[in-house]
2 protein chains.
Amino acid sequence: MTTETTPSRGDATREALIRAAVEIFGRDGFNATGTRALAEAAGVNQALIAYHFGSKAGLYLAAIDYIVERVRERIDPLLAAINAELGDDGSSIPRERCLALMLQLLDGFVVLLTSDESVTWARLILKEQQDPSEGFERLYDGVMSRVIGIATHLIGRIRDLDPESEATNLLAITLFGQVLILRTARATIERRTGWQQFTQHEIAAVQSQIHRNVTAILMQENTE
Amino acid sequence: MTTETTPSRGDATREALIRAAVEIFGRDGFNATGTRALAEAAGVNQALIAYHFGSKAGLYLAAIDYIVERVRERIDPLLAAINAELGDDGSSIPRERCLALMLQLLDGFVVLLTSDESVTWARLILKEQQDPSEGFERLYDGVMSRVIGIATHLIGRIRDLDPESEATNLLAITLFGQVLILRTARATIERRTGWQQFTQHEIAAVQSQIHRNVTAILMQENTE
DNA sequence: GTCTATAAAGTGATAGAC
DNA sequence: GTCTATCACTTTATAGAC
């Protein structure tokens with residue numbers, strides 16, 4: 001009657017395949033991943049991939065959409081809170097408060113990037129950054145543009161810059177670079193710090209370092 | 001007579017295969033890359049991969065070694081110059097000079113990471129960071145450990161920290177994160193800045209931003 | 001919606017001629 | 001050192017039974 005139906009057997013199959021796809025596509029890449037490996041990991045028959053998603057490529061895009069949804073579940077509340085405080089044109093907010101919001105945003109990203117699930121997501125997203133496919137559009141529109149958009153907005157207020165300018169975007173990018181390195185240089189960080197996984201201690205250490213760096217960068221006197 | 005011989009036909013085949021391997025393994029990953037694609041890109045016969053390198057895996061490791069050599073050609077002079085100035089225990093060097101050396105090191109990395117060749121290298125290295133194979137050992141020992149080793153040494157002098165400590169390594173990692181994001185978030189940066197490639201203007205913009213950030217981070221008053 | 005079976009094309013490695 | 005031809009598998013997608 002409506003689009004809201006009770007979960008059917010097919011829905012369970014779709015879900016199992018998508019979870020397996022995020023894991024296996026992320027690890028091996030699209031071309032190196034076989035439909036048999038996907039089906040086996042999901043515990044379903046190989047022919048069901050074509051039935052439910054049309055093709056291996058269809059399953060891949062479903063996996064990308066799944067990642068976007070999971071990431072947005074985590075960051076949308078944070079982004080909404082910042083947006084609400086910034087308001088339509090609440091340029092009366094002091095820069096110290098904007099810095100605090102920026103640090104909150106980065107803290108959220110540290111937590112996200114140190115979560116176990118993010119290992120798999122990061123692998124897939126990194127592949128799309130190096131060789132964008134149709135999936136990158138969905139990642140960019142769903143996650144990246146929203147996050148950097150807020151960050152440039154905050155930075156614009158803090159340092160009295162045009163949020164759309166090349167310089168502001170570049171500054172935002174270098175700030176996030178400090179956090180994203182947690183996943184991009186994964187193996188090297190394990191070697192240098194001995195960290196095998198991120199517990200409360202490691203997360204706090206990273207957040208504290210990021211706080212010091214970002215405060216120093218954004219609160220320094222104007223130069224040049 | 002000696003190991004120094006004139007280049008033979010086989011040497012040209014080896015070189016062509018390695019160049020093709022860096023390109024194609026980097027783009028598609030090890031498992032998704034076919035020996036026929038490698039041979040065709042190199043303009044040689046498919047059977048010559050097994051003849052010269054034993055297997056597809058042998059060619060892959062030769063490609064990793066090739067990248068390590070090319071990167072070291074570029075960074076070893078810089079590292080040697082810094083090491084020479086630091087000396088055996090020249091703790092008399094002022095921290096301002098150490099900051100200048102740190103900025104030189106990061107400038108060199110900006111130039112390296114904005115070069116056309118580095119697009120391909122970065123793809124392969126990123127894959128090894130996410131899923132380390134035997135190749136990662138060679139990358140880490142040949143490049144990463146040397147670079148971060150120097151950086152933690154410099155940071156130790158500038159901020160009076162133990163170069164081996166977790167905190168110093170974490171600080172060094174966040175500094176390099178600002179630069180490495182140039183390649184890791186490749187597609188997003190193109191979207192936000194409109195930069196299609198890195199010319200003199202883009203390189204200067206990045207270096208200038210990194211200078212401001214790193215100076216602010218390393219020269220701030222001690223906190224906490 | 002799920003299964004088995006299979007068609008058509010692709011895989012890495014190798015044998016053997018030159 | 002390079003070639004062709006081929007072996008033994010694996011691949012995606014689909015046809016058709018249930």
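Hydrogens, waters and symmetry mates are skipped; everything else that's a heavy atom, side chains included, is used. Protein chains get the first letters and strands the later ones, always in sequence-line order, with residue 1 at the start of each.
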- Message: Measure OH/A:Y51 against P/C:dC3 and give the value in whole Å, please.
- Response: 12 Å
- Cation-pi check, A:R70 onto A:Y66 ring (under 6.0 Å, within 45° of axis): yes
- Message: Can you measure B:H52 atom NE2 to C:dT14 atom P for me and round it to whole angstrom units?
- Response: 15 Å
- Can you find an N or O donor on one side and an acceptor on the other, under 3.5 Å apart, linking the side chain of B:R36 with the base of C:dG12? yes
- Query: Does B:L170 reach the side chain of A:R192, with side-chain heavy atoms less than 4.5 Å apart?
  - Reply: no
- Task: Whole angstrom is fine here: how far is it from CZ in B:F25 over to C1' in C:dG12?
- Result: 11 Å
- Task: Using whole Å, report how far CZ of B:F53 lies from P of C:dA13.
- Result: 13 Å
- Atom pair distance, as rounded to whole Å: CD1 in B:I24 and P in C:dG12: 11 Å
- Item | Value rounded to 0.5 Å, distance of OG in B:S115 from CZ in B:R183 | 7.0 Å
- Return the value, rounded to whole Å, for the distance between atom CD1 of B:I49 and atom C1' of C:dT14. 13 Å
- Task: With DNA chain D as reference, determine whether A:A37 or A:A50 sits nearer its 5' end, using the nearest nucleotide of each.
- Result: A:A37
- Item | Any B:S55 side-chain nitrogen or oxygen under 4.0 Å from OP1 or OP2 of C:dG12 | no
- Task: Provide, to the nearest angstrom, the distance between the CG atom belonging to A:N31 and the P atom belonging to C:dG12.
- Result: 12 Å
- Query: Looking at the side chain of B:Q46, which of D:dT14, C:dA13, D:dT2 is the nearest nucleotide?
  - Reply: C:dA13
- From C:dT14, D:dA15, C:dT2, pick the nucleotide closest to the side chain of A:A47? D:dA15
- Task: Please check the phosphate of C:dG1 (OP1 and OP2 only) for any side-chain N or O of A:N45 closer than 4.0 Å.
- Result: no
- Does B:T13 put a side-chain nitrogen or oxygen below 4.0 Å from OP1 or OP2 of D:dT2? yes
- In whole Å, what is the span from the CG atom of A:L48 to the C1' atom of D:dC18? 14 Å
- Message: Looking at A:F30, I'd like to know if the NZ or CZ of A:K127 sits under 6.0 Å from its six-membered ring centre while staying within 45 degrees of the ring's axis.
- Response: no
- Cation over ring, A:R191 on B:Y140, under 6.0 Å and within 45°? yes
